[in-house]
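The block underneath contains the structure these notes are about, expressed in structure tokens.
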Amino acid sequence: MKLEVSLILFSMLCFNTIPTKVGARKPACHDPLFGNCFGILHNCPPACPRLCEVDCRICKPYCACDRPGAVCQDPRFIGGDGIMFYFHGKKDQEFCLVSDFNLHINAHFIGKRGRKGRDFTWVQSIGILFSSHQLYIVAKRVANWKESVEHMQIKLDGKDVPLPAGEGQTWQSSEAGLIIQRQAQTNKVRLRLEGLLEIVASVVPITLEESKVHGYDVTEDDCFAHLELNFKFDSLSTKVNGVLGQTYKPDYQNRVKLSAAMPIMGGAHKFATSHLFATDCVVSNFGLKEKTLVGGKPLSFECGGGLRGKGVACRR
């Protein structure tokens, strides 16, 4: 009886407008160079009704969390080698996702202890260091989730980014080489750091349906809003490291147990860092001179399925 009452309260308080799951959204191509596809709304595939993107070249939607560079859910990664793995880290701690000589990305994990004794974790925020700049993206803590309310905050060098309201609206900093474009009315943006990377970032809650299926036992005081991320790198050295970064090395050998239902990446101690903008993880390369990275040439690949670009690798 107590469990039923708890679930009812959770539904009322945390999902009063969307009782069991976040509604499906219709993505569109936002690149005007693809005139035949630009602005056309698409239905997401059934496998990912709320997190899909449109490939403007072929004008078709795809599941964003299944592409290389994805960091979604209870952190589920798709490496540069195309292999899926989980890295749970630890709640209320920071871990290095990518570390290269000119780019460093840390993530702050939030979570809660589940009934089976392990931490369920999600990425709440990321801190990106490049040149002399710091970029901060965070999913605000929220209990009463509303899709129409902005739950994402972005800061550049400690100052709020005044991103105009409205899907397709942009903001840029010529000094930092940063362009941000809204991909929806709220809670989804595409960020472009010239010469470094592109990120699609969304803020999503843990739904009542997800909580019941996975045993998260999320309560009404916190929907555990978190980031779902897609990285595409322009140029990485062969010495790149980090939870995600290491999978882009040309000689990387994935050691996760692929036959497992949940292949888990270990070695959390190597990637742990003291705070969101620290570069003190064991595998850090940030700030090293490029010339000291022997063989540190940019990576460039082209996959048979048409996926191409520097820093993108194909499934083995």
Side-chain angles (χ1 to χ4, degrees), residues 5-25 27 44 48-52 64-65 71-76 88-94 106-114 119-128 135-156 158-167 169 171 180 182-191 199-230 276:
V5 172
S6 177
L7 289 175
I8 291 172
L9 287 172
F10 178 62
S11 176
M12 291 174 62
L13 294 174
C14 199
F15 303 98
N16 63 339
T17 58
I18 325 171
T20 58
K21 56 185 178 182
V22 176
R25 55 177 293 272
C44 284
C48 52
R50 63 188 175 115
L51 283 171
C52 74
C65 288
V71 181
C72 300
Q73 303 161 15
D74 178 9
R76 173 183 181 271
H88 297 304
K90 194 172 183 180
K91 66 176 182 177
D92 301 323
Q93 291 192 16
E94 289 77 32
N106 290 333
H108 175 75
F109 284 41
I110 55 171
K112 69 186 303 273
R113 181 57 57 93
D119 286 346
F120 291 113
T121 53
W122 301 273
V123 173
Q124 183 195 30
S125 60
I126 57 173
I128 305 175
L135 181 62
Y136 173 67
I137 308 170
V138 63
K140 300 176 183 177
R141 178 170 175 165
V142 58
N144 187 5
W145 176 267
K146 291 183 179 179
E147 191 75 23
S148 59
V149 176
E150 184 63 74
H151 301 296
M152 181 186 294
Q153 184 180 26
I154 305 174
K155 291 187 176 185
L156 176 63
K159 297 181 180 179
D160 286 329
V161 169
L163 185 59
E167 185 172 356
Q169 293 296 310
W171 178 91
I180 305 175
R182 287 193 184 275
Q183 301 291 289
Q185 291 295 326
T186 58
N187 300 312
K188 185 176 183 181
V189 298
R190 184 183 299 272
L191 302 96
I199 308 171
V200 175
S202 304
V203 175
V204 298
I206 296 300
T207 65
L208 176 62
E209 181 180 12
E210 290 171 328
S211 184
K212 291 171 65 177
V213 169
H214 298 290
Y216 293 147
D217 295 328
V218 173
T219 55
E220 66 269 13
D221 63 332
D222 191 349
C223 290
F224 283 89
H226 59 281
L227 296 175
E228 306 269 73
L229 302 159
N230 288 87
L276 197 60

Legend entry - Sub-4.5 Å side-chain heavy-atom contact between Asn106 and Ile126: no
Legend entry - Lys91 to Ile110 - nearest heavy-atom pair and separation: CB-C, 4.0 Å
Inset, instruction - Give the minimum heavy-atom separation between Ala143 and Cys223, together with the two atoms involved. - result: O-SG, 2.7 Å
Inset, instruction - Check step by step if side chain to side chain contact (heavy atoms under 4.5 Å, CB included) holds for Ile199 and Asn230. - result: CA-CA 5 Å; Ile199 308 171; Asn230 288 87; over 6 Å; no
Legend entry - Check: His88 main-chain N/O paired with Thr121 side-chain donor or acceptor under 3.5 Å: yes
Inset, instruction - Please tell me if the side chains of Trp122 and Ile206 come closer than 4.5 Å, counting only heavy atoms from C-beta onward. - result: yes
Legend entry - Closest non-hydrogen atom pair between Cys52 and Lys188, with its separation: O-NZ, 3.4 Å
Legend entry - Any Thr186 side-chain heavy atom under 4.5 Å of Ser148 side chain: no
Inset, instruction - Kindly check if the number of other-residue, nucleotide or ligand heavy atoms within 6.0 Å of NZ (Lys90) is above 12? - result: no
Inset, instruction - Please name all residues satisfying salt bridge (Lys or Arg N to Asp or Glu O under 4.0 Å) with Glu150, sequence neighbours left out, ordered by chain then number. - result: Arg182
Inset, instruction - Assess the side chains of Asp160 and Gln153: does a donor N or O sit below 3.5 Å from an acceptor N or O? - result: yes
Legend entry - N/O donor-acceptor pair under 3.5 Å between Gln124 side chain and Ala225 backbone: no
Legend entry - Under the salt bridge (Lys or Arg N to Asp or Glu O under 4.0 Å) test, residues paired with Arg190 that sit two or more places apart: Glu53, Glu198
Legend entry - Side chain proximity check, Leu191 to Ile137, heavy atoms < 4.5 angstrom: yes
Inset, instruction - List the atom of Ile180, the atom of Leu163, and the distance in Å for their closest heavy-atom pair. - result: O-CD1, 3.7 Å
Inset, instruction - Identify the two heavy atoms, one from Val71 and one from Val123, that lie closest to each other, and give their separation to 0.1 Å. - result: CG1-CG2, 4.2 Å
Inset, instruction - Could you tell me whether the SG atom of Cys72 lies less than 2.5 angstrom from the SG atom of Cys65? - result: yes
Inset, instruction - Compare every heavy atom of Val204 with every heavy atom of Trp145, then report the nearest pair and how far apart it is. - result: CH2-CA, 4.1 Å
Legend entry - Side-chain (His151) to main-chain (Lys146) donor-acceptor, under 3.5 angstrom: yes
Inset, instruction - Kindly indicate, with the supporting measurements, whether the criterion side chain to side chain contact (heavy atoms under 4.5 Å, CB included) is fulfilled by Glu228 and Gln73. - result: CA-CA 7 Å; Glu228 306 269 73; Gln73 303 161 15; 4.2 Å; yes
